[in-house]
2 protein chains.
Amino acid sequence: MVSLKDISARCNVSVATVSKALNGHKDVSEATRERLVRTAREMGYFPNAQARALKTNRTFNLGVMFLEEAGRGLTHEFFAKVLNSFKTEAELAGYDITFISNKDIGGRRMSTYEHCKYRSVDGIVIACTDFTTPDVFEVINGDIPVVTIDHIFDCRTAIVSNNENGMEKLLNYAADCGHTKIAYIQGKKSAVAEKRLAGFYKACVNRGIEVKPEWLPVGDYCNPDVTYQLTKKLLKGREIPTCIFMPDDYAAIGGLNAIKDCGLSVPDDISAIGYDGIAYSQLLSPKLTTYAQDTPLIGATAARKLISLIENPQTTFTEVITVDGQFLEGGSVKKL
Amino acid sequence: MVSLKDISARCNVSVATVSKALNGHKDVSEATRERLVRTAREMGYFPNAQARALKTNRTFNLGVMFLEEAGRGLTHEFFAKVLNSFKTEAELAGYDITFISNKDIGGRRMSTYEHCKYRSVDGIVIACTDFTTPDVFEVINGDIPVVTIDHIFDCRTAIVSNNENGMEKLLNYAADCGHTKIAYIQGKKSAVAEKRLAGFYKACVNRGIEVKPEWLPVGDYCNPDVTYQLTKKLLKGREIPTCIFMPDDYAAIGGLNAIKDCGLSVPDDISAIGYDGIAYSQLLSPKLTTYAQDTPLIGATAARKLISLIENPQTTFTEVITVDGQFLEGGSVKKL
DNA sequence: CATATTAACGGAAACGTTTGAGATGCACCA
DNA sequence: TGGTGCATCTCAAACGTTTCCGTTAATATG
């Protein structure tokens, strides 16, 4: 690998001058800087990332904290999409992405935060299903720039999908279609679940729709099995709803199977609504009516904000950025 | 951050001794090593990754080259799963994962290989849809340890899913069910596609099944739309097959929709077979009969092999490791 | 013309490690 | 006793940068 020293030798200047020239400092003449930049290019020079990091404490590396209890990890479509656009945006700005977790190093257990310190990441993005772990708190309370996705800590900037608005839009659509007997299989208790429920309630009140407690069972996200069971239970009740909101599109598959297994069909007998707008939901027939979270925008915004926090420490004020999604009308809701 | 110097000061020994003690060198007495290790732990010491890398040229970082033309990136379930287990296994061995691509740095375009050099990754795993790009060749011909997934270069070790065997198993099953009129919508031309076709042919010959050229259209992987069109075309033919092999489970959704749109049903009128065993395929009703690639094993093997190449350069002989998958019997194939 | 200012560059320390070569003390053997 | 070998530890250079400070020469200022 060609180093600054090689360039300095070839051009008869000091190493310091080469460094300054390549980094755009002012105290080097335009003539020599042009000459140095040119030969650096000719010789195929690239800075040594670790040497630079050692001096500057800047690695141009972003840590991704990505804890997912089910172990599905990258397989989780929402996370995968967000991460994908995060990565793209970060790379555009010259940053690389490294996965961060708690792990063993040299026989000693290292917490996630220690891992970040060890790797000297410039910033951290946290996207978890569970934000209540000690590992998360340690990172949140640390001194490395952080953005969180879909969870708000009051001292940190957060990018959140507009869950409240999403549910409102979906419920308004159902109401527009004439539905009043609406059930909602909730996701597991979390900040996201609360927001969605809030949006659901709010819209119900606005539209004068009565919310039955027994029509608000708590299930789990991304869990078709649980959703299958809960859907069946709803369909066996004394009074059955005409429209069922599923926890999300993936879980909805279970719900749809339950409806089918009860000898009913979507949307003629029962209307179904999902959440997420994952690819599959639009390949079903009928297409699932759902709300597509703007994952590309969420990821890109997270990256931009994080980098901004890193590069302009003075503007470090906490901020909550809400990203709207898009209503997707499928054919899974019957117009009464 | 506490450094070696801090420990050496506290314990009245030289920095060198601390370094050697912590790294398990032999020329330090058991007594002092124990003392040093203990105070290092007490003081919360972690080695500085970049300083160490600067000296040793070892970063304990693995580069992931992950080129996917459709831009689906991590969303591609096969890749996501493989990457997930790769990551887990690598972290177990103390390695971290960094995404590698071609990008701009300091105004100059950097190839993927240059990127690897810049970050000084210890090894690279390549998982692409297209192995014919210059970027891939440059990495393959470089001097950094490499393993490839699902593609074989003769100078590098490769982890490949047993595509030939998978297709054989599927075709044998179809034949066992009594099917003789079998169509196969192929994936896009690639090493993987060739292997699968080879397995298909081989099994057909074994079972005495005639292969009609018009029943072997070339479609694309993960493309429900194309598969939809090709399936329709097959169903409109003069003679129609009783069983259709789809490029993969994801594409199969398109095929299944086409069958439905033609007023036919699976498996009563047409049998369908997928490939991959992705989660959705087992949530459909009927479940899709398919072949699940052992993605956890593929990823873990890739990580282990790569690390072995890094840590034992003497054993650097090229190797091709074939990973078998598992046949999944669903309900999408009718027994004639 | 003397002095202050400025532009352009070099010297050298520092970042936190690793590592080979040397230094020290001690036991051992002839 | 003097050398040899060994165990244990220290010295110091090196990895490739960045950056503060100093130096030089040229130019501007009074």
Side-chain angles (χ1 to χ4, degrees), chain A residues 1-37 39-40 43-61 94 105-106 114 116-122 311, chain B residues 1-37 39-40 43-61 94 105-106 114 116-122 311:
Chain A
M1 281 277 91
V2 28
S3 71
L4 288 184
K5 203 193 296 186
D6 301 323
I7 301 176
S8 79
R10 164 104 60 125
C11 292
N12 291 318
V13 293
S14 75
V15 174
T17 305
V18 184
S19 173
K20 286 189 249 188
L22 265 38
N23 288 329
H25 286 220
K26 47 275 146 205
D27 59 345
V28 42
S29 75
E30 195 50 49
T32 58
R33 82 119 13 83
E34 199 274 336
R35 182 165 55 106
L36 291 176
V37 168
T39 62
M43 299 175 75
Y45 169 81
F46 281 107
N48 180 302
Q50 17 281 343
R52 173 177 284 183
L54 186 57
K55 273 304 284 183
T56 61
N57 277 323
R58 294 268 281 113
T59 54
F60 286 91
N61 233 317
I105 176 86
E114 288 169 335
C116 291
K117 285 294 197 180
Y118 167 64
R119 286 288 180 197
S120 303
V121 297
D122 292 337
E311 298 183 347
Chain B
M1 282 277 90
V2 28
S3 70
L4 288 184
K5 203 192 295 187
D6 301 322
I7 301 177
S8 80
R10 163 103 60 122
C11 292
N12 291 316
V13 294
S14 74
V15 174
T17 305
V18 183
S19 171
K20 288 181 195 175
L22 265 38
N23 288 328
H25 286 220
K26 47 276 146 206
D27 59 345
V28 43
S29 74
E30 195 49 47
T32 56
R33 83 117 18 83
E34 199 274 339
R35 183 165 55 106
L36 292 176
V37 168
T39 60
M43 299 176 74
Y45 169 79
F46 282 109
N48 180 300
Q50 18 281 344
R52 173 177 283 185
L54 185 56
K55 272 303 285 184
T56 63
N57 278 321
R58 294 268 281 113
T59 54
F60 284 91
N61 234 317
I105 177 86
E114 288 168 334
C116 291
K117 285 294 196 181
Y118 167 64
R119 286 287 179 197
S120 304
V121 297
D122 292 336
E311 299 184 346

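The sequence lines fix the lettering, A, B, ..., with proteins before strands; numbering per chain opens at 1.
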Treating A:R52 as the side-chain partner and A:P47 as the backbone partner, does any N or O pair qualify as donor plus acceptor under 3.5 Å? no
Nucleotide nearest B:T17 (side chain, heavy atoms from C-beta), chosen from C:dT17, D:dC9, C:dC9: D:dC9
With a cut-off of less than 4.0 Å, is there a side-chain N or O of B:Y118 near OP1 or OP2 of D:dT17? no
Show the distances under 3.5 angstrom between N or O atoms of the protein and N or O atoms of nucleotides 20-22 of chain C.
from	atom 1	to	atom 2	distance (Å)
C:dG20	O6	B:K20	NZ	3.2

Judged by nearest nucleotide, the residue sitting upstream toward the 5' end of DNA chain D, B:V13 or B:L54, is B:V13
Do the side chain of B:R10 and the main chain of B:T39 share a donor and acceptor less than 3.5 angstrom apart? no
Is there a donor-acceptor pair under 3.5 Å between the side chain of B:S120 and the backbone N or O of B:T59? no
At their closest point, which heavy atom of A:T17 faces which heavy atom of A:S14, and how far apart are they? OG1-OG, 3.0 Å
Using atom CG of B:L4 as one end and atom C1' of D:dC11 as the other, report the distance to the nearest whole Å. 16 Å
Shortest side-chain distance from A:S14, nucleotide among C:dG16, D:dT18, C:dG10: C:dG10
My understanding is that only residues two or more places apart in sequence, or in another chain, count here; which of them pass side chain to side chain contact (heavy atoms under 4.5 Å, CB included) with A:N48? A:Q50, A:A51, B:L54
Which heavy atom of A:Y45 sits nearest to which heavy atom of A:L4, and what is that distance? OH-CD2, 3.5 Å
Applying side-chain contact (heavy atoms from CB on, under 4.5 Å), run through A:I7 and A:M43 and close with a yes or a no. CA-CA 8 Å; A:I7 301 176; A:M43 299 175 75; 4.1 Å; yes
Rounding to an integer number of Å, can you tell me how far B:N57 CG sits from D:dA14 C1'? 12 Å
Donor-acceptor contacts under 3.5 Å from residues 20-28 of chain B side chains, at least two apart:
from	atom 1	to	atom 2	distance (Å)
B:K20	NZ	B:D27	OD2	3.4
B:N23	ND2	B:S19	O	3.2

Any B:R52 side-chain nitrogen or oxygen under 4.0 Å from OP1 or OP2 of C:dG16: no
Looking only at the side chain of B:V15 (C-beta and beyond, no hydrogens), which of the listed nucleotides C:dT17, C:dC15, C:dT19 gets closest? C:dT17
What's B:D6 touching, base or sugar-phosphate or nothing? Going by heavy atoms closer than 4.0 Å. nothing
Protein-nucleotide distance (B:K5, atom NZ; C:dT18, atom C1'), rounded to Å: 15 Å
Separation of D:dT19 atom P from A:K26 atom NZ, nearest Å, is 9 Å
Can you tell me which nucleotide in C:dT18, D:dC9, C:dC15 comes closest to the side chain of B:V28? D:dC9
For atom CZ of A:R58 and atom C1' of D:dT19, their distance in whole Å: 16 Å
Closest listed nucleotide, where the reference is the side chain of B:S29 and the choices are D:dT8, C:dT18, D:dC15: D:dT8
Between A:R33 and A:A51, whichever has its closest DNA chain C nucleotide further toward 5' is A:R33
Rounded distance in Å - CG (A:N23) to P (D:dT19): 8 Å
Separation of B:F60 atom CZ from C:dT18 atom P, in whole Å? 10 Å
With the side chain defined as heavy atoms from C-beta on, A:K55 is closest, among C:dT17, C:dA14, C:dG16, to C:dA14
Return the value, rounded to whole Å, for the distance between atom CG of A:L22 and atom P of D:dT17. 9 Å
Under 4.0 Å, heavy atoms only, any strand: does A:T56 hit a base, just the sugar-phosphate, or nothing? sugar-phosphate
